[in-house]
**Q** 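Structure provided below as C-alpha cells; questions to follow.
Remember, it's a predicted structure, so these values are computed and weren't measured experimentally.
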Amino acid sequence: MRNFNIRTIKVLLAISIILFFCLLALIIFQYGKVLDVNKEKHVIEDKSKEKKEMENTNDSNNTKSISKNKAAIPNNNIEDEKQSNEILPDKSALQKDAALDQTKIDAFNENSLRMPKINTEKYHSTFGRKVAFIYFSHNRESFLPYFKDGTTPNKAYHSKLNVSLIGKRLGKSLKRNGIWNMVNDVDVIKMLNKRNLNFGSSYQMSREIVLNEMRINRDLEMTFDIHRDALPRNLSTVNINGNSFAKISFVIGSAHDNYKENIKFTKGINEVIEKNYPGLSRGVIIKDKKQGNGVYNQDLLANSVIIEVGGIENNLEELYRTADVLGIAISQYYWGNLHK
C-alpha cells in the first residue's frame, strides 16, 4: 500500500509538472497575441518635446506657394525651386461631407484599369513581412471631378472618396511586386474633432499612428504619407504613351537632423521614375519650418517621404495609373538598393 501511494504521488507530481509547463506555454502564446494590438487603437502618447514641436507647426497657412528652397542639395535631379500649393479646408467641409456627383463616380470602373505586368523572372517577396506603411495625414483630401458643380477647392474633402483610395491602390501595386504592406485606415479628421484640435495638428495625430505602427511592426522599413496637391490640372497632369497620368511630387522636411537620409531614399525612387516615366515626377520639394511643418514625421524613420499624387482636378483613372507606376518604382528601388 505504501509503495502504491509513493508511485501515485510520483505520477501526480509528473502530471502537475507537465500541466504547469503547458500552462506557461499558453500564457506566453497569449501574451504574444496581445502585443499584436488593433492598429486603429493608437494609444501612444508622444513625448512632450515632440508634441510641443508639432503644435508649433505652420501647417495652417491658407494657400502656400513654395518658390525657392535655400537648402543646398548637391544633386542635379533635385531642384530647389518648385511649386506646391496647399489649401486650408473650410471648417464645414471637415464636419460634413460635400455632396458628390454619383453619376461620375459610377462611370469609373477600377477593374477596367489593368495593372502593369510584373517581371516574374526577377520576382522577389517579403513573404508576409509588412515592410511598408501607407498612411494619410490629410486623409480627407479629395478631387473636384466627383463633387457636384459649384463645389469650391476648400470644400473638396470627403470621408470616403479621398486620397486613401490612392493609398489602397498603391498597396496593391506594392504587394504585386513582392512588397507586403499595411494601408492605414484611421480617420485623422475624427481624431482632431474628438480632441477638439484644428487642422494644423494633423501631423501630430498622424505621428501617433506612425509611432504605433513602429511599435507593433518590427519589420517596418518604409513609410509613405499620401496627399494630393491643390495645383490646377495643367500643372498636375501629363500624357505618357497616350495615357493620362497624375503627376507626383515628393516632399521632404528639413527641420530635423537626419533629413538627408530621407532625401537619399526619396532621390532613389525619383530617379527610377524619371528613367522609366519621364515627366511623371515634378521632383523633390524641400520644406523647412517656414514653409510648413518642416518634419512631417520623417525623423522617425530614414525611409520616409510625403508623396503628393496629382492635384485637386485629377480623376481616379489618372490617379490609379500613377499609383501603379509608383508601386513599381518603389519596388525596383527597394529590391535593387535596400535589399540587393
**Q** Quick check on the hydrophobic clustering: are Leu165 and Leu326 connected, directly or via other members, by side-chain heavy-atom contacts under 4.5 Å?
**A**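 Same cluster: Leu165 reaches Leu326 through Ile, Leu, Val, Met, Phe, Trp or Tyr contacts under 4.5 Å.
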**Q** Classify the angle between the aromatic ring planes of Tyr135 and Phe133 as parallel (below 30°), tilted (30 to 60°) or perpendicular (above 60°).
**A**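 Judged by the thresholds at 30° and 60°, the geometry between Tyr135 and Phe133 is parallel.
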**Q** Tell me whether Ser201 contacts the main-chain N or O of Gln204 through its side chain, where contact means a donor paired with an acceptor under 3.5 Å.
**A**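 No: the side chain of Ser201 does not pair with the backbone of Gln204.
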**Q** To the closest 0.5 Å, what do you measure between CG (Leu300) and CG (Leu211)?
**A**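 It comes to 5.0 Å.
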**Q** For Glu308, is there any backbone N or O sitting under 3.5 Å from a side-chain donor or acceptor partner on Asp229?
**A**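 Not at all, since once roles are kept as given, no pair shorter than 3.5 Å links the two residues.
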**Q** Measuring only between side-chain heavy atoms, which start at C-beta, is His158 closer than 4.5 Å to Tyr146?
**A**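 In short, these two side chains do not touch, never coming nearer than 4.5 Å.
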**Q** With the threshold set at 4.0 Å, does a side-chain nitrogen-carboxylate oxygen contact exist between Asp187 and Lys194?
**A**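 Salt bridge: no.
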**Q** List the steps and the verdict of side chain to side chain donor-acceptor pair (under 3.5 Å) for Thr223 and Ser304.
**A** CA-CA 5 Å; Thr223 66; Ser304 300; 2.8 Å; yes
**Q** Would one find more than 12 heavy atoms of other residues, nucleotides or ligands at under 6.0 Å from atom CG of Asp257?
**A**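 Check fails, neighbour count at 12 or below.
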**Q** A side-chain contact here means heavy atoms from C-beta on lying under 4.5 Å apart; do Asn258 and Asp299 qualify?
**A**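 Result no, sub-4.5 Å side-chain heavy-atom pair not found.
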**Q** Do Lys130 and Asp219 have side-chain heavy atoms sitting under 4.5 Å apart?
**A**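 A side-chain contact under 4.5 Å is absent here.
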**Q** Is any side-chain heavy atom of Asp185 closer than 4.5 Å to a side-chain heavy atom of Ser164?
**A**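 A side-chain contact is absent here, since even the closest heavy-atom pair is not under 4.5 Å.
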**Q** Test side chain to side chain contact (heavy atoms under 4.5 Å, CB included) on Lys267 and Val284; report intermediate values, then the result.
**A** CA-CA 7 Å; Lys267 169 189 168 184; Val284 180; 5.6 Å; no
**Q** What is the distance from atom CD1 of Ile134 to atom CD1 of Ile166, rounded to the nearest 0.5 Å?
**A**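 These two atoms lie 11.0 Å from each other.
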**Q** Which heavy-atom pair separates Leu144 from Ala156 by the least distance, and what is that distance?
**A**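 Closest approach of Leu144 to Ala156, heavy atoms only: CD2-CB, 3.9 Å.
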**Q** Output yes when a side-chain donor or acceptor of Asn303 lies under 3.5 Å from a complementary backbone atom of Phe265, and no otherwise.
**A**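 Pair absent, no side-chain N/O of Asn303 close to backbone of Phe265.
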**Q** Consider only side-chain heavy atoms of I, L, V, M, F, W and Y, link residues closer than 4.5 Å, and tell whether Ile328 and Leu113 are in one cluster.
**A**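 No, no single cluster joins them.
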**Q** Answer yes or no: is there a donor N or O on one side and an acceptor on the other, between the side chain of Asn337 and the main chain of Tyr333, under 3.5 Å?
**A**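 Yes; judged by distance alone, with no hydrogens or angles, the pair exists.
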**Q** Taking C-beta and beyond as the side chain, do Tyr157 and Asn162 meet within less than 4.5 Å on heavy atoms?
**A**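 SC-SC contact between Tyr157 and Asn162 ruled out.
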**Q** Are Glu261 and His256 close enough, and set up right, to give a side chain to side chain contact (heavy atoms under 4.5 Å, CB included), and what steps lead you there?
**A** CA-CA 11 Å; Glu261 292 296 319; His256 65 95; over 6 Å; no
**Q** Are the side chains of Phe108 and Asn315 in contact, using a 4.5 Å heavy-atom criterion?
**A**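 With C-beta onward as the side chain, the pair stays apart.
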**Q** Is there a path of hydrophobic side-chain contacts, each under 4.5 Å between heavy atoms of I, L, V, M, F, W or Y residues, that connects Ile312 with Leu231?
**A**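 Different clusters.
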**Q** Is the ring pair His138/His227 parallel, tilted or perpendicular, if the boundaries are 30 and 60 degrees?
**A**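 Perpendicular, since the angle between the ring planes exceeds 60°.
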**Q** Looking at Ala246 and Leu319, what are the two nearest heavy atoms and their distance?
**A**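 Ala246 and Leu319 have their closest heavy atoms at CB-CD2, 3.7 Å.
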**Q** Stepwise, does the side chain to side chain contact (heavy atoms under 4.5 Å, CB included) test hold for Arg215 with Asn212?
**A** CA-CA 5 Å; Arg215 182 175 67 86; Asn212 193 60; 3.1 Å; yes
**Q** Could you give the distance from CD1 (Ile330) to CD (Gln332), rounded to the nearest 0.5 Å?
**A**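 With rounding to 0.5 Å, CD1 (Ile330) is 11.0 Å from CD (Gln332).
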**Q** Can you run down the salt bridge (Lys or Arg N to Asp or Glu O under 4.0 Å) pairs that involve residues 232-254, sequence neighbours left out, and say none if there aren't any?
**A**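 Salt bridge (Lys or Arg N to Asp or Glu O under 4.0 Å) check on residues 232-254 returns Arg233-Glu318.
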**Q** Shared ILVMFWY cluster between Ile240 and Met115, side chains joined below 4.5 angstrom?
**A**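 Not linked; separate clusters.
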**Q** Counting C-beta onward and ignoring hydrogens, is there a side-chain heavy-atom pair between Ser254 and Asp288 closer than 4.5 Å?
**A**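 The answer is yes; the side chains approach within 4.5 Å.
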**Q** Are Ser206 and Asn297 close enough, and set up right, to give a side chain to side chain donor-acceptor pair (under 3.5 Å), and what steps lead you there?
**A** CA-CA 8 Å; Ser206 61; Asn297 304 320; 3.0 Å; yes
**Q** Looking at Leu170, Ile226, Val163, which hits side-chain contact (heavy atoms from CB on, under 4.5 Å) with Val309?
**A**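 That would be Ile226.
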**Q** Where do Glu317 and Arg321 land on the salt bridge (charged side-chain N to carboxylate O under 4.0 Å, His left out) test, with the steps shown first?
**A** CA-CA 6 Å; Glu317 185 173 334; Arg321 281 201 190 100; 2.5 Å; yes
**Q** Can you tell me how far the CG atom of Leu161 sits from the CD1 atom of Ile105, to the nearest 0.5 Å?
**A**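 Rounded to the nearest 0.5 Å, the CG-CD1 separation comes to 5.0 Å.
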**Q** Identify the heavy atoms of Val188 and Ser202 that sit nearest to each other, and give their distance.
**A**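 Here Val188 and Ser202 meet closest at CG1-O, 4.0 Å.
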**Q** How about CG on Asn109, more than 12 heavy atoms from neighbouring residues, nucleotides or ligands closer than 6.0 Å, or not?
**A**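 Buried by this count: over 12 neighbours within 6.0 Å.
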**Q** Show me the pairs that pass salt bridge (Lys or Arg N to Asp or Glu O under 4.0 Å) and involve residues 157-173, at least two apart or across chains.
**A**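 Every salt bridge (Lys or Arg N to Asp or Glu O under 4.0 Å) pair that includes a residue of residues 157-173, provided the two are not neighbours, is Glu110-Arg169, Glu110-Lys172, Arg169-Asp324.
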**Q** If every non-hydrogen atom of Gln298 is compared with every non-hydrogen atom of Asn262, which pair is closest and at what distance?
**A**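 Taking every non-hydrogen atom into account, O-ND2, 3.3 Å.
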**Q** Can you give me the closest heavy-atom contact between Trp180 and Ser125, atom names plus distance?
**A**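 Closest approach of Trp180 to Ser125: NE1-OG, 3.6 Å.
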**Q** Provide the closest heavy-atom pair for Ala132 versus Leu220 in the form atom of the first, atom of the second, distance.
**A**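 For Ala132 and Leu220, the tightest heavy-atom pair comes out as C-CD1, 4.0 Å.
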**Q** From Ile269 CD1 over to Tyr334 OH, what is the distance, rounded to the nearest 0.5 angstrom?
**A**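 If I round to the nearest 0.5 Å, the distance is 12.0 Å.
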**Q** Around atom NZ of Lys104, are there more than 12 heavy atoms of other residues, nucleotides or ligands at under 6.0 Å?
**A**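 Atom NZ in Lys104 is crowded, with more than 12 foreign heavy atoms closer than 6.0 Å.
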**Q** Report yes if some heavy atom in the side chain of Thr237 is under 4.5 Å from a heavy atom in the side chain of Asn314; otherwise report no.
**A**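 Yes, side chains in contact.
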**Q** Just verifying a value: how many Å separate Leu100 CG and Lys148 NZ, rounded to the nearest 0.5 Å?
**A**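 Interatomic distance, Leu100 CG to Lys148 NZ, rounded to 0.5 Å: 9.0 Å.
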**Q** Yes or no on side chain to side chain contact (heavy atoms under 4.5 Å, CB included) for Ile252 and Val305, after CA distance, side-chain angles and deciding distance?
**A** CA-CA 6 Å; Ile252 295 295; Val305 63; 3.8 Å; yes
